[in-house]
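Accompanying notes for the structure given below.
First the proteins, then the strands, lettered A, B, ... as listed; each starts at 1.
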Amino acid sequence: MREHVDADERRRRIVDVIRALGEGEVTTYGDIAEIAGYPKQSRLVGWILATADDDADLPWWRVVNAAGRLVPGHERTQSALLRAEGVRVRNGHVVRAVHGRFRP
DNA sequence: CGAGTGACGGACG
DNA sequence: CCGTCCGCCACTC
């Protein structure tokens, strides 16, 4: 029982951090995990986003990996959404965000 | 219970 | 830039 609660807690905190991302703000999986209080657990963030419902109200397009690489299979959609917020994207990578922790 | 997998990351070659 | 290892969590077989 304890385990399930902890896992749910982690998921909840991470989702909250992602929801807090604003326009033009780009952050990495690793930073989200760290901000949520679970450093080094970037895979957990990726898993949560990958299994999240489409109507989960999560700005997934503002999350990229440490190299700035866009989500495999969603580059078109993601780059369009990011560019609409003023984020510079090139060759499937975020070159420069308006806000956020991501730094090339 | 162990191996494999994944929208990850960092160290190495 | 690519591939390999290892570490991390959750989940499937």
Please give, in whole Å, the distance from [N] [atom2] to [X] [atom1]?
{"X": "A:Gln41", "N": "B:dG6", "atom1": "CD", "atom2": "C1'", "result": "15 Å"}
{"X": "A:Ile14", "N": "C:dA10", "atom1": "CD1", "atom2": "C1'", "result": "11 Å"}
{"X": "A:His93", "N": "B:dC8", "atom1": "NE2", "atom2": "C1'", "result": "14 Å"}
{"X": "A:Tyr29", "N": "B:dG10", "atom1": "OH", "atom2": "P", "result": "14 Å"}
{"X": "A:Tyr38", "N": "B:dC8", "atom1": "OH", "atom2": "P", "result": "20 Å"}
{"X": "A:Ile32", "N": "B:dC8", "atom1": "CD1", "atom2": "P", "result": "12 Å"}
{"X": "A:Glu9", "N": "C:dC9", "atom1": "CD", "atom2": "P", "result": "16 Å"}
{"X": "A:Leu21", "N": "B:dA7", "atom1": "CG", "atom2": "P", "result": "20 Å"}

**Prompt:** Will you find, in the side chains of A:Gln78 and A:Trp60, an N or O donor that is under 3.5 Å from an N or O acceptor?
**Reply:**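 Note: A:Gln78 and A:Trp60 side chains miss the donor-acceptor criterion.
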**Message:** Strictly distance-based, threshold 3.5 Å: is any side-chain N or O of A:Arg83 a donor or acceptor partner for the main-chain N or O of A:Val89?
**Reply:**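 A pair under 3.5 Å: yes.
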Is the shortest distance from a Lys or Arg side-chain nitrogen in [X] or [Y] to a carboxylate oxygen in the other one below 4.0 Å?
{"X": "A:Arg69", "Y": "A:Glu75", "answer": "yes"}
{"X": "A:Glu85", "Y": "A:Arg62", "answer": "yes"}
{"X": "A:Arg12", "Y": "A:Asp16", "answer": "yes"}

**Contact nearer the 5' end of DNA chain C, comparing A:Ser42 with A:Trp47** =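 Checking each residue's closest nucleotide, the 5'-ward one belongs to A:Ser42.
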**Asked** Just wondering, are more than 12 heavy atoms of other shown residues or ligands nearer than 6.0 Å to CZ in A:Arg19?
**Response**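 Counting other residues, nucleotides and ligands, CZ of A:Arg19 exceeds 12 neighbours.
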**Prompt:** Could a donor-acceptor pair under 3.5 angstrom be found where the side chain of A:Arg43 meets the base of B:dG9?
**Reply:**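 Answer is no: no donor-acceptor pair is held.
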**Message:** So if I take residues 59-76 of chain A and measure heavy-atom distances to DNA chain B, which residues fall below 4.0 Å?
**Reply:**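 Contacts with DNA chain B under 4.0 Å: A:Trp60, A:Asn65, A:Ala66, A:Val71, A:Pro72.
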**Prompt:** Nearest nucleotide by nearest heavy atom, which residue falls closer to the 5' end of DNA chain B, A:Leu44 or A:Asp31?
**Reply:**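 Here A:Leu44 is the residue nearer the 5' end.
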**Request:** Answer whether the closest heavy-atom distance between the side chains of A:Ile48 and A:Val15 falls below 4.5 Å.
**Result:**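 Heavy-atom side-chain distance check passes, below 4.5 Å.
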**Item:** Watson-Crick/G-U partner (both atom distances under 3.5 Å) of B:dA7
**Value:**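 Per the H-bond distance test, none.
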